[in-house]
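Beneath this line is the structure, given in structure tokens, with notes to follow.
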Amino acid sequence: MPELPEVETTRRGVAPHITGRKILKVNVYEPRLRWPVPADLPAAAEGKTVQDVTRRAKYLLINLGENELLFHLGMSGNLRIVAPETPRMKHDHVDILLEGDITLRYNDPRRFGCLLLLNPPTQEHPLLRHLGPEPLSDQFSGELLYKLSRQRKSPVKTFLMDQAIVVGVGNIYANEALFLAGIRPTRPAGEVSLKRYQALADAVRKVLSDAINMGGTTLRDFVGGDGKPGYFQQTLRAYGRGGQPCILCKTELKEIKLGQRASVFCPSCQR
DNA sequence: ATAATCACCTGCTCGC
DNA sequence: TGCGAGCAGGTGATTA
């Protein structure tokens with residue numbers, strides 16, 4: 001599920017419900033996530049009030065003043081607001097009970113996600129320190145992509161998905177952005193011109209902001225924090241369309257593997 | 001430093 | 001209907 005638009009959708013869905021509320025209790029039913037949920041996390045969070053809910057890359061940060069909770073949703077995680085007595089479903093791993101009869105519930109079938117404690121809040125945590133700029137900020141540009149890609153031989157798609165270059169571009173949106181920019185995913189990153197990287201940066205911004213505006217992409221059963229599904233999947237132009245005609249020129253889209261990830265492109269439009 | 005592979009998990013779909 | 005193979009939104013760790 002979660003690339004940047006899905007995490008942002010979750011943040012927007014959840015934040016209004018929990019901001020300003022005091023945490024009464026944290027129940028960890030299954031600590032074995034990607035990294036174990038720290039044993040001292042519940043005690044550190046209980047009694048604190050949620051100051052704000054922010055996002056860095058695909059991490060969701062719940063600021064509690066003197067410390068901060070850091071969620072990652074991995075491949076299959078989601079956060080939702082439920083009433084306190086709502087029966088637990090399979091793979092509901094953590095409940096955060098807040099005053100006002102609100103529970104924030106974390107579910108993650110594959111357990112690739114995590115819940116960690118930043119004490120105190122810091123951008124210098126090992127998971128956050130090496131992240132590139134936010135794609136929707138002014139720090140991100142075609143010039144940046146061009147500069148960082150010189151001498152690099154790996155495929156431009158792999159380069160674009162490197163979170164040290166720019167954060168938040170996962171497999172779906174990498175495919176979509178390269179399609180919009182007319183760049184073949186296999187092209188060595190160091191061979192792409194500045195002009196084409198500017199088109200790619202524009203495409204990344206467009207694809208991500210469109211997806212956020214539509215509530216994220218729902219594959220299988222993603223729902224945002226408000227429980228509503230995303231609708232962006234109805235507008236996917238490349239991802240998942242291997243073998244089908246290009247929407248621009250009708251040429252059959254090709255599907256290949258790049259770094260173990262499905263990559264779809266139009267052999268005619270993307271060079 | 002860069003690039004390729006592995007690993008962590010469960011669930012679903014496909015082909016036999 | 002059952003069963004194994006392969007694949008899925010991510011990304012840190014480990015190899016060359």
Side-chain angles (χ1 to χ4, degrees), chain A residues 1-11 29-37 55-60 70-79 89-94 106-116 125-132 135 147-177 185-191 204 207-208 211-212 214-224 229-236 238-243 255-264:
Chain A
M1 166 239 329
E3 294 190 32
L4 184 147
E6 290 71 38
V7 179
E8 179 63 20
T9 298
T10 297
R11 188 191 71 76
Y29 307 107
E30 176 52 270
R32 295 175 304 165
L33 304 182
R34 170 137 203 212
W35 297 285
V37 178
R55 179 187 59 73
R56 173 74 176 106
K58 297 170 190 168
Y59 295 97
L60 205 72
L70 176 151
F71 275 104
H72 194 291
L73 304 181
M75 296 266 268
S76 57
N78 78 292
L79 278 169
M89 313 263 290
K90 203 171 183 185
H91 308 305
D92 283 340
H93 303 313
V94 179
Y106 176 69
N107 179 287
D108 185 1
R110 292 174 74 178
R111 291 192 275 121
F112 280 7
C114 66
L115 168 57
L116 298 174
H125 187 276
L127 291 177
L128 304 177
R129 193 168 36 197
H130 300 294
L131 295 173
K147 238 189 295 178
L148 295 179
S149 63
R150 295 309 88 185
Q151 314 295 71
R152 292 186 74 142
K153 291 186 59 189
S154 61
V156 61
K157 174 163 176 272
T158 310
F159 173 73
L160 186 62
M161 290 175 66
D162 183 341
Q163 304 295 301
I165 304 300
V166 57
V167 302
V169 184
N171 197 35
I172 297 179
Y173 300 112
N175 279 300
E176 295 302 302
T186 49
R187 179 148 300 252
E191 285 181 12
V204 166
V207 161
L208 292 179
I212 290 171
M214 300 189 77
T217 299
T218 295
L219 299 178
R220 295 198 174 81
D221 55 356
F222 168 74
V223 290
Y231 291 98
F232 190 73
Q233 82 282 4
Q234 294 164 13
T235 76
L236 293 175
Y239 179 84
R241 296 194 67 247
E255 178 152 349
I256 60 170
K257 291 276 181 201
L258 280 180
Q260 336 280 38
R261 313 302 295 276
S263 307
V264 181

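Note: hydrogens, waters and symmetry copies are ignored here, and every other heavy atom, side chains too, is used. In what follows, chains carry the letters A, B, and so on, assigned in the order in which the sequence lines appear, proteins first and then strands, with residues in each chain numbered from 1.
Atom CG of A:Asp108 is separated from atom P of B:dC8 by 16 Å (rounded to the nearest Å). Taking atom OH of residue A:Tyr173 and atom C1' of nucleotide C:dG9, one finds them 9 Å apart after rounding to whole Å. In this entry the distance linking CD of A:Gln260 with C1' of B:dC8 reads 15 Å, nearest Å. Here B:dT5 presents its C1' atom at 15 Å from CG of A:Leu258, a figure rounded to the nearest Å. When the P atom of C:dA8 is taken as reference, atom CD of A:Glu6 falls 16 Å away, rounded to whole Å. As rounded to whole Å, 11 Å separates atom C1' of B:dT10 from atom CE of A:Met75. The interatomic distance linking A:Phe159 (CZ) with B:dT2 (C1') rounds to 12 Å, in whole Å. The NE2 atom of A:His91 sits 8 Å away from the C1' atom of B:dG11 (whole-angstrom rounding).
Going from atom CG of A:Leu115 over to atom CH2 of A:Trp35 covers 12.0 Å, rounded to the nearest 0.5 Å.
When all heavy atoms of A:Ala262 and A:Glu255 are compared, the pair lying nearest together is CB-OE2, 3.4 Å. Annotation for A:Ala177 and A:Val204: closest pair CB-CG2, 3.8 Å, computed over non-hydrogen atoms. Here the shortest heavy-atom pairing between A:Val94 and A:Tyr29 reads N-CD1, 4.1 Å.
Stem regions annotated for DNA chain C: B:2-8 with C:10-16, B:10-16 with C:2-8, counting only runs of 3 or more consecutive pairs of Watson-Crick or G-U type with both contacts under 3.5 Å.
A distance cut-off of 5.5 Å between ring centres, combined with a plane angle under 30°, places A:Phe112 in a stacking arrangement with the base of B:dC8.
A donor-acceptor pair under 3.5 Å is absent between the side-chain atoms of A:Gln163 and the main chain of A:Ala57, judged by distance alone. Distance alone, capped at 3.5 Å, is enough to place a donor-acceptor pair between the A:Glu176 side chain and the A:Ala238 backbone. Side-chain N or O atoms of A:Glu30 include none that pairs as donor or acceptor with a backbone N or O of A:His91 at under 3.5 Å.
Distance from the side chain of A:Arg111 is smallest for B:dT10 among the nucleotides C:dG9, B:dA3, B:dT10.
Residues A:Leu160 and A:Ile165 have side chains not in contact (no heavy-atom distance under 4.5 Å, counting atoms from C-beta outward). Using a 4.5 Å heavy-atom cutoff, the side chains of A:Pro2 and A:Thr10 are not in contact.
Close to C:dA8, at under 4.0 Å from its OP1 or OP2, lies a side-chain N or O of A:Lys257. The phosphate of C:dG9 (OP1 or OP2) has no side-chain N or O of A:Ser76 nearer than 4.0 angstrom. Neither OP1 nor OP2 of B:dT10 sits under 4.0 Å from any side-chain N or O of A:Lys90. Distances shown here put a side-chain N or O of A:Arg152 below 4.0 Å from the OP1 or OP2 atom of B:dA3. For the pair A:Arg110 and B:dC8, the criterion of a side-chain N or O lying under 4.0 Å from OP1 or OP2 is not met. Note on A:Tyr239: a side-chain N or O is less than 4.0 Å away from OP1 or OP2 of C:dG9.
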task: Report, as a single string ordered 5' to 3', how protein heavy atoms within less than 4.0 Å touch nucleotides 11-16 of chain C: B base, S sugar-phosphate only, - not at all.
output: BB----

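The same atom, P, is picked in C:dC3 and in B:dC9; the two are 24 Å apart, to the nearest Å. B:dA3 and C:dG9 are spaced 23 Å apart, taking the C1' atom of each and rounding to whole Å.
Between A:Arg150 and A:Gly259, the residue anchored nearer the 5' end of DNA chain B, judged by the nucleotide with its closest heavy atom, is A:Arg150.
Relative ring orientation between A:His93 and A:Tyr106 is described as tilted, the plane-to-plane angle lying within the 30° to 60° band.
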